[in-house]
Amino acid sequence: MGKMGYLAMKVDLLNDELLESDMRELGVAVRKLAGDALLLGSGLGFGTTFLKFLASIAAIYLLILDRTNWRTNMLTSLLIPYIFLSLPSVVFSVLRGEFGKWIAFIGVVLRLFFPRHFPEWLEMWGSLILLLVVSPAFFAHTIRDGAGGVLICLAIGCYLLQEHIRASGGFRNSFTKTHGVSNTVGIILLLVYPIWRFVLRFI
């Protein structure tokens with residue numbers, strides 16, 4: 001009986017070692033899979049493109065909020081370069097092409113010849129379209145697609161967040177006031193895209 005107990009204990013130890021070895025190999029495989037998935041996602045651009053769309057929608061949302069009755073003391077004109085730098089390539093190329101040129105042309109004609117019929121809230125959007133259409137290739141492609149554009153987006157997001165927290169009267173108030181929550185969530189969404197790009201750069 002003692003010999004059988006010894007063999008059973010030896011088999012249990014062997015099974016434990018095999019199980020532990022399998023778990024280590026599984027952990028290595030999961031880490032490799034996660035790394036490859038991140039690289040594949042960044043190579044295809046799905047994650048980055050999705051976050052660009054999310055950041056652009058958040059910036060447009062904040063711009064609309066500021067132009068409606070929820071006015072804030074933030075420097076929301078910074079959202080225009082943020083949208084310019086974070087707009088997904090598909091939308092950017094459409095607005096930079098003939099379609100954007102026609103919109104810019106109509107906006108300039110309306111502003112020059114019918115200034116009373118050109119509402120104030122359209123001025124920011126007109127500035128965005130003009131910026132998209134007339135920006136030199138250095139800004140439209142080199143800065144926008146490089147680390148400089150991401151750094152500018154991150155700086156704008158951080159600045160707007162700290163200004164919003166200061167205007168709300170503290171971090172806690174920025175999440176408890178009725179209008180503060182929507183602004184806070186929108187500004188936090190502005191930070192997700194540049195942080196993601198920096199994470200991808202260092203992986």
Side-chain angles (χ1 to χ4, degrees), residues 38 41-42 44-96 100 103 120-135 138-203:
L38 274 174
S42 66
L44 294 176
F46 173 74
T48 305
T49 303
F50 173 73
L51 290 176
K52 273 186 168 187
F53 269 112
L54 191 66
S56 298
I57 289 169
I60 291 167
Y61 168 74
L62 288 170
L63 206 55
I64 290 171
L65 272 185
D66 190 60
R67 295 293 155 201
T68 58
N69 57 351
W70 293 359
R71 287 192 174 269
T72 61
N73 293 329
M74 292 188 302
L75 189 60
T76 50
S77 58
L78 286 174
L79 291 169
I80 296 299
Y82 186 93
I83 294 170
F84 172 78
L85 293 168
S86 68
L87 209 58
S89 300
V90 174
V91 180
F92 185 81
S93 61
V94 167
L95 291 176
R96 192 165 164 81
I103 293 174
E120 181 188 335
W121 59 269
L122 263 182
E123 289 193 14
M124 286 284 203
W125 299 106
S127 301
L128 175 63
I129 292 295
L130 280 173
L131 187 63
L132 288 168
V133 171
V134 302
S135 61
F138 176 71
F139 287 107
H141 301 293
T142 309
I143 297 291
R144 190 174 168 280
D145 296 333
V150 176
L151 191 62
I152 293 169
C153 285
L154 186 62
I156 289 172
C158 289
Y159 174 76
L160 289 176
L161 182 64
Q162 73 94 17
E163 282 296 310
H164 172 63
I165 289 172
R166 182 182 296 162
S168 299
F171 187 75
R172 181 175 292 173
N173 289 343
S174 66
F175 280 101
T176 55
K177 287 185 178 175
T178 317
H179 301 312
V181 174
S182 58
N183 283 340
T184 306
V185 170
I187 293 170
I188 288 172
L189 288 176
L190 293 181
L191 292 169
V192 173
Y193 160 67
I195 290 171
W196 170 258
R197 284 287 301 268
F198 275 117
V199 166
L200 285 182
R201 189 168 284 275
F202 295 115
I203 286 181

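Side-chain contact between W125 and L63 is present, with heavy atoms from C-beta onward closer than 4.5 Å. When side chains are defined from C-beta on, L160 counts as touching L79, because their heavy atoms get closer than 4.5 Å. Counting only heavy atoms from C-beta outward, the side chains of C153 and L190 never approach each other to under 4.5 Å.
Under the 3.5 Å distance criterion, the side-chain polar atoms of S56 are left unmatched by any main-chain donor or acceptor of I83.
Among the candidates I103, L122, V134, the single residue satisfying the side-chain contact (heavy atoms from CB on, under 4.5 Å) test with I129 is I103.
Going from atom CD of Q162 over to atom CD1 of I187 covers 10.0 Å, rounded to the nearest 0.5 Å. Here Y193 contributes atom OH and F50 contributes atom CZ; the two are 14.5 Å apart, rounded to the nearest 0.5 Å. To the nearest 0.5 Å, the span separating CZ on F139 from CZ on F84 amounts to 8.0 Å. Atom NE2 of H164 and atom CD1 of I188 lie 8.5 Å apart (nearest 0.5 Å). Going from atom NZ of K52 over to atom CH2 of W196 covers 13.5 Å, rounded to the nearest 0.5 Å. Note that CD1 of I156 and CG of L161 are 13.5 Å apart. Values are rounded to the nearest 0.5 Å.
What you find for L189 and A58 is that their closest heavy atoms are CB-CB, 3.7 Å.
Residues S135 and R96 have side chains that bring a donor and an acceptor to within less than 3.5 angstrom of each other.
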